[in-house]
Number of protein chains: 2
Amino acid sequence: MTSHEAPPPARATSRDVARAAGVSQAAVSLVLGGKWPGRVSAAKAEAVRAAARELGYRPNLAARSLRTGRTRTALLVVPALTTEFFARVYTGAARIAADHDFGVVLYPSPEGTGPARDPFASASAALDGVIASSMAAGALTALRAAGLPLVMLDSDPGDTAASAAVNLDIADGVRQLAAHLTGLGHRRITHLAADVDSWTFAVRARALRAALAGLPGAVLHRQPTALSVEAGLRAAHTALTGPGPRPTALLCDDDVVAAGACKAVRRLGLRIPEDISVTGFDDLALAVAVEPELTTVRLPAEEFGAAGMRALLAVLDGTPAEPPALPVTLVPRGSTAPPPAANATRPGGR
Amino acid sequence: MTSHEAPPPARATSRDVARAAGVSQAAVSLVLGGKWPGRVSAAKAEAVRAAARELGYRPNLAARSLRTGRTRTALLVVPALTTEFFARVYTGAARIAADHDFGVVLYPSPEGTGPARDPFASASAALDGVIASSMAAGALTALRAAGLPLVMLDSDPGDTAASAAVNLDIADGVRQLAAHLTGLGHRRITHLAADVDSWTFAVRARALRAALAGLPGAVLHRQPTALSVEAGLRAAHTALTGPGPRPTALLCDDDVVAAGACKAVRRLGLRIPEDISVTGFDDLALAVAVEPELTTVRLPAEEFGAAGMRALLAVLDGTPAEPPALPVTLVPRGSTAPPPAANATRPGGR
DNA sequence: CGCCGGACGTGTTACGTATAACGTCGCGGG
DNA sequence: CCCGCGACGTTATACGTAACACGTCCGGCG
């Protein structure tokens, strides 16, 4: 390291680099900017680069933004970061962003009540664009009004406010899950459905209904629940102790809910998967931490965030190509098996 | 696909506000800046505020930063965001930051090998200060060199590079945990210790050793493990099947590891807590998702992040007051009980 | 030989804000 | 009466960068 003196490191400016390299400040900008390839001779360009390296030059981003009007910063709006899923979405988005010298700043949409804090004040950064989960309904109205490029994650295709949309093929995941359960012989299924008004959950309910529609004897119930272990426990208890024949499978909208459901099943003296099958969604770390491990649908969370960022970059480049829905995969594990009443015609559990 | 003809509302500037209010641009800055209270008459000040509201004026942050030299942005360096713990730390830090018109941008230190990406390039934002977990060793050297105010989270007090430090009272948590286990009658304890070279984990090992030092018959072993369910499973298996008398309690450095340990215990045909007690650390959502629920040490993750941000703000204000260590609390749950060999002199399990 | 045009650099400007420096005005004390 | 001072406003400037608009030099073509 060279910058030994200068207790206040007094960041080098492009003018300092220019002086050191014996050129004008404009030349420094031309060289380091990367555009205008042939604009400066190779010799001087190299001198500039050397001087910049020597001085540890870092362009002043505030000045650059002021000049260019762009900030190379995107806002990621998520319902709540404390969930592992969105932490992974962020990671994926940030990775792609970094490859393009972009930053990602988070806006965790306040889950509780109260007036949503102004997303822009809160972000305390000027933004080039926004990537928003459809689950963060609260903050969306303010964002739409801003006129910024907006990429929606898992949103209603009919929503026209977005500049682009990236979707997971949730419906296909539900179909795989339904096929898995019905293939095992399950007919009475209760859907522990997230009580969140969001496209991604609406689609699950619809796809599930469609998947079971043609099947003789299929009975589908719906039990709303919040997205927590405890809420899942309560919902499962309600579903299992209600009137009518007991379901043989609980299809949960989230691994966390499924974990709660497992606890409820056991508290009723029932076994998983022998008496009741339970399935989750997302494939969080939690899915393999509980016993038995959860049959679940793996959502490519990081790739989801990455795709969102790519879409935003494309929009900013003026080349918005609509990406296909991201595939999801069923991960069969120990929490599903043929129902007790099923005859042994299908030996294939686990 | 909307912003085609780019009717960008051409963000209002302070000069526009000045014109609308019939004052000079400087007056606008004086009024909206909030400092210099008596500098402008109440009447004109109100006119300025009204005009600003009317035009939807938002100060250009790039210009402000360029002028003031500060950005009101802090960098939070975490080992990996996908862990619930650090997601909560972020949330706490962001909350305090928002109260002071600060933003928080994340730098997830690359966990894998490879040269750590430049934190500053990656953040793509100019920074006023840094809050860093001691677990993110990789990125620290570059950060120290930057000469930015640096607040360390859970770091060695001997480390002098930091402007301030915020610590959890981890040692006390370990003491509580050890007292809980020995009080139940446990004497042979194996520590499933994180194989991460970080102050916070070193302190756990040391405190545990100290807590068991005076106890006759106490036997403490150490089994290193990575921080994942699977690694915890393997480590617990090793610990339980090794030579010598089997431990009666597994003290894990993390809830995730404890979850893995539980699985190992059961695969060996042993019961929790009757045969083996297992304890975790952190009190993540996962702790109550597994069965039995984990006895663990609750770390105030959000408050931890909030305290870090407060400390950074204090440093920036020039009033760095050293905060006390944040208290942690033992949460006894179902995964601990007296060991099999213990006589019934102490009836108090759960 | 004169002129044109490409290659290579440089001077200059503007981005929007915060604030130092500089008036101006009215009033009260000397 | 005049000076000075406090209250109120304004003018001017600088922050560091990107990029436009000009040169200047030189080789080649008519």
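Chain identifiers are assigned alphabetically (A, B, ...) following the order of the sequence lines, protein sequences preceding nucleic acid strands; residue numbering begins at 1 within each chain. Given the structure is predicted, the values throughout are model-derived calculations rather than measurements.
- When all heavy atoms of A:Trp199 and A:Pro157 are compared, the closest pair comes out as CZ2-CD, 3.3 Å.
- Nearest heavy atom pair, residue A:Ala20 against residue A:Ala51, reads CB-CB, 4.0 Å.
- Atom-to-atom, CG of B:Leu30 to C1' of C:dA20 comes out at 11 Å; the value is rounded to the nearest Å.
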message: Walk along nucleotides 11-18 of chain D from 5' to 3' and tag each nucleotide B, S or - by protein heavy-atom contact under 4.0 Å, base first, then sugar-phosphate.
response: BB-BBBBB
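- The CZ atom of A:Arg39 sits 12 Å away from the P atom of D:dA19 (whole-angstrom rounding).
- With respect to B:Leu312, the side chain to side chain contact (heavy atoms under 4.5 Å, CB included) criterion is satisfied by exactly one of B:Asp317, B:Val130, B:Val151: B:Val151.
- In terms of heavy-atom proximity, B:Asn167 sits nearest to B:Ser155 at ND2-O, 3.2 Å.
- Between A:Leu316 and A:Pro149, the closest heavy-atom pair is CD2-CG, 3.7 Å.
- Between B:Arg72 atom CZ and C:dT17 atom C1' the separation is 15 Å, expressed in whole Å.
- The distance from atom CZ of A:Arg70 to atom C1' of D:dA19 is 15 Å, rounded to the nearest whole Å.
- The two residues B:Leu168 and B:Asp154 have their closest heavy-atom pair at N-OD1, 3.2 Å.
- At whole-Å resolution of the value, NZ in B:Lys44 and C1' in D:dA7 are 13 Å apart.
- Remark: C1' of D:dT10 and CH2 of B:Trp36 are 16 Å apart, rounded to the nearest angstrom.
- B:Gly38 comes within 4.0 angstrom of sugar-phosphate atoms only, judged by non-hydrogen atoms across all strands, and of no base.
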